[in-house]
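A short worksheet on the structure shown next.
Order of the sequence lines sets the chain letters (A, B, ...), proteins ahead of strands, with each chain counted from 1. Only heavy atoms go into these numbers, but all of them, side chains included; no hydrogens, no water, no symmetry mates.
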Amino acid sequence: MKKSITLLTTVILMLSLLNNIAEASSLIIKGSTTVLPIAQAVIESYVALYPDIKCSLSGEGSGNGIKALIDGTCDIANSSRFIEVEEAEMAFKKGAYPVPFGVAIDAIIPIVHPENPVDNLTLEQLRDIYIGKITNWKEVGGPDKGIAVITRDTSSGTFEIWDEKVMKGAKVTPRAQIMASSGAIVQAVSQNRLAISYIGIGYMNKYVKGLKVEDVEVTPETVRTGEFPISRYLFMFTRGWPQGETLRFINFILSDEGQKIVERTGFVTIR
Amino acid sequence: MKDLKATDFIAKITISTIAMIGIFILIFILFFLAKEGIPILKSTTLKDLLFGLYWYPTYSPPEFGMLPLIAGSLAVTLLSSLIALPISILVSLFLSEVCPKTLRNILKPTLEILGFLPSVVLGFLGMVIIAPWLQNSFDLLTGLNLFNASILLGLLIIPITGSLADDAISSVPTDIRAAAFALGATREETISKVVLPAALPGILQACLLGMMRGVGETMVVLMAAGGAAIIPESLFDPVRPLTSTIAAEMGETPVGSPHYHALFFAGLLLLLMTLILNLTAIWIEKRWRWQWR
């Protein structure tokens, strides 16, 4: 729900009206809905700092953002994945050189009900649970009860990482319940002792229990070092090496202050 | 005289223009649905689409089997109708035949207000109250399932069907009731043998309209039905109706992709279902409407 609202709403932050229109410079950011909350929070602070900038931000998916960057209709493309070879080739053909900046790290944590005794699962166990091979908690060291598998809709960015890092392309069992938002998943798992699901690190709260994966607990450090296996970088792509306004913005999001905002929106900072 | 004619003319033009705009918009929507939905047949066959068992639209190669979704829609609609329609009819009978007038003046508006309850509120009730209760009392894998969604949908259907059926029963002329009483029939006999048969077409129509509400409802099933794309084998299996599939997936689907066209095709199927119910209602109206005059 929340996602579709952010999708539909193009967030436009107005510049202060005190400035002359001629002096106002603009910054157009498009792309991933996963990066959207980060970009939104950073822009809010950025505009407060430099009130003469007109920022426009929209979330229509990583692919569309990169396409817009190649076409030159935006200055920065947010992406929850690295640029694909085809996209890079298309960009070169059009004379654009996309430059990636990793601005945050997104980690996905498997979660269960707080009363579930299981603490740790291997990637293989997670995969077997999700393809429907393991259907009882006792097979992974829990009580003799069925497992209620809950997953995200297959179009979501969260599912994308899960698919890439855990499922490795295998299909999620059709018996899995599909939920349309991370909020709904937290709600469902906190109410269901038999449930297992996964959420972005920013959605963790005390009503659900995060699992260790391959004996690695999820902390900002283990995510940054890559020890925690279910994570990915979030990128901002610029068209060529950034200059002017774009450079100032990229510098801002990579600064300590910018990274503090990243942390506040529930993602892992890059350092 | 001339002035009157002129104003008549203006009114006529205005009203027919507005009516035409409505019809045009409707035709446009239909056309748009068909235009965006039909191209899915380029990527898959109609048989695989309607009878395929697996809905994996984002994998490669994608699978667009909609049978579990169609089964989900039908199961939720049928079960909620089974729960809600008998209750609705009893409510309407009580309102129009049994209940004293003062009580009716309170109950009927209450019932109608209930019909305006935002479905997202009901869905929330289903997630927070009914789901844990169902799971604990029946020892289920999940409380978000067919039964949960059907109870909630039933709550949405009762005000609509109850209120419309009440209108149908109330419109049976009092002469007929008086005649029945005059012939020595008891109140129970009058209701079951005279009033009910006379109001039956109207009641059936009310039922069908209630079911249409059930087929099209999205928020409640998105929140409470569980969302597993399987053909339900028990009352407590999670299901994924067509409506919630469209709502959950449309936001992140690339425009023009087979997945996008498949979702529009799902919309077309939904439209077809409500159309069938609607046509049945019209047919009942034509065929069985009791002629009083």
Side-chain angles (χ1 to χ4, degrees), chain A residues 1-8 32-34 59-64 67 80 113 132 135-137 145-160 163 167 169-181 183-197, chain B residues 53-60 62-63 65 67-69 120 123-124 126-136 139-145 218-219 221-233 237-240 244-255 257 259-260 263:
Chain A
M1 237 182 314
K2 192 180 156 197
K3 197 176 51 200
S4 54
I5 292 167
T6 47
L7 243 178
L8 288 170
S32 165
T33 49
T34 315
E60 57 274 280
S62 304
N64 288 335
K67 217 165 108 215
S80 56
H113 191 272
T135 55
N136 195 308
W137 279 111
K145 295 260 183 184
I147 303 177
V149 179
I150 303 176
T151 185
R152 277 295 303 277
D153 49 293
T154 51
S155 325
S156 71
T158 311
F159 174 80
E160 227 170 73
D163 185 48
M167 303 308 292
K171 283 175 181 168
V172 171
T173 166
R175 299 205 73 84
Q177 295 184 56
I178 304 176
M179 304 248 162
S181 72
I185 282 189
V186 171
Q187 171 69 28
V189 173
S190 68
Q191 307 252 350
N192 188 343
R193 267 158 236 244
L194 308 176
I196 184 167
S197 192
Chain B
L53 289 174
Y54 298 103
W55 176 254
Y56 284 117
T58 55
Y59 285 86
S60 62
E63 288 183 73
L67 193 61
L69 313 181
V120 66
F124 195 66
M127 282 181 93
V128 180
I129 296 170
I130 301 181
W133 173 75
L134 270 180
Q135 193 183 13
N136 293 334
D139 195 27
L140 304 170
L141 261 186
T142 169
L144 299 173
N145 54 33
T218 306
M219 209 59 224
V221 289
L222 183 63
M223 293 171 81
I230 51 171
I231 296 173
E233 286 156 14
D237 270 346
V239 292
R240 185 174 181 80
S244 58
T245 308
I246 298 175
E249 294 175 15
M250 190 53 99
E252 303 236 3
T253 309
V255 176
S257 65
H259 186 194
Y260 172 87
L263 291 179

Exercise. Can you tell which part of A:Asn64 gets under 4.5 Å to a heavy atom of chain B, answering side chain, backbone, both or neither?
Key: neither
Quiz item: Can you tell me how far the CD1 atom of A:Ile147 sits from the OG1 atom of B:Thr142, to the nearest 0.5 Å?
Solution: 14.0 Å
Quiz item: Looking at CG of B:Asn136 and CZ of A:Arg193, how far apart are the two atoms once the value is rounded to the nearest 0.5 Å?
Solution: 6.0 Å
Quiz item: Between atom NZ of A:Lys171 and atom CD of B:Glu63, what is the distance when rounded to the nearest 0.5 Å?
Solution: 3.5 Å
Quiz item: So which part of B:Gln135 gets closer than 4.5 Å to some heavy atom of chain A, the side chain, the backbone, both or neither?
Solution: side chain
Quiz item: Say you draw a straight line from CD1 of A:Ile178 to OG1 of B:Thr245; how long is it, rounded to the nearest 0.5 Å?
Solution: 7.5 Å
Quiz item: Would you say the side-chain atoms of A:Asn192 pair up with the backbone N or O of B:Leu141, donor to acceptor, closer than 3.5 Å?
Solution: yes
Exercise. Determine the minimum heavy-atom distance between A:Gln191 and B:Val128, stating which atoms define it.
Key: OE1-O, 3.7 Å
Exercise. Can you tell which part of A:Ala176 gets under 4.5 Å to a heavy atom of chain B, answering side chain, backbone, both or neither?
Key: backbone
Quiz item: Which distance, rounded to the nearest 0.5 Å, do you find between the CG of B:Asn145 and the CD of A:Gln177?
Solution: 8.0 Å
Exercise. Compare every heavy atom of B:Leu140 with every heavy atom of A:Leu194, then report the nearest pair and how far apart it is.
Key: CD1-O, 3.6 Å
Quiz prompt | Minimum heavy-atom distance B:Tyr56-A:Thr173, with the two atoms named | solution = OH-C, 3.8 Å
Quiz item: Closest heavy-atom contact between A:Pro174 and B:Ala228?
Solution: O-CB, 3.5 Å
Quiz item: Minimum heavy-atom separation for A:Ala188 to B:Leu144, with atom names?
Solution: CB-CD1, 4.2 Å
Quiz item: Taking all non-hydrogen atoms of both residues, which atom of A:Val172 and which atom of B:Tyr59 are closest, and how far apart?
Solution: N-OH, 3.4 Å
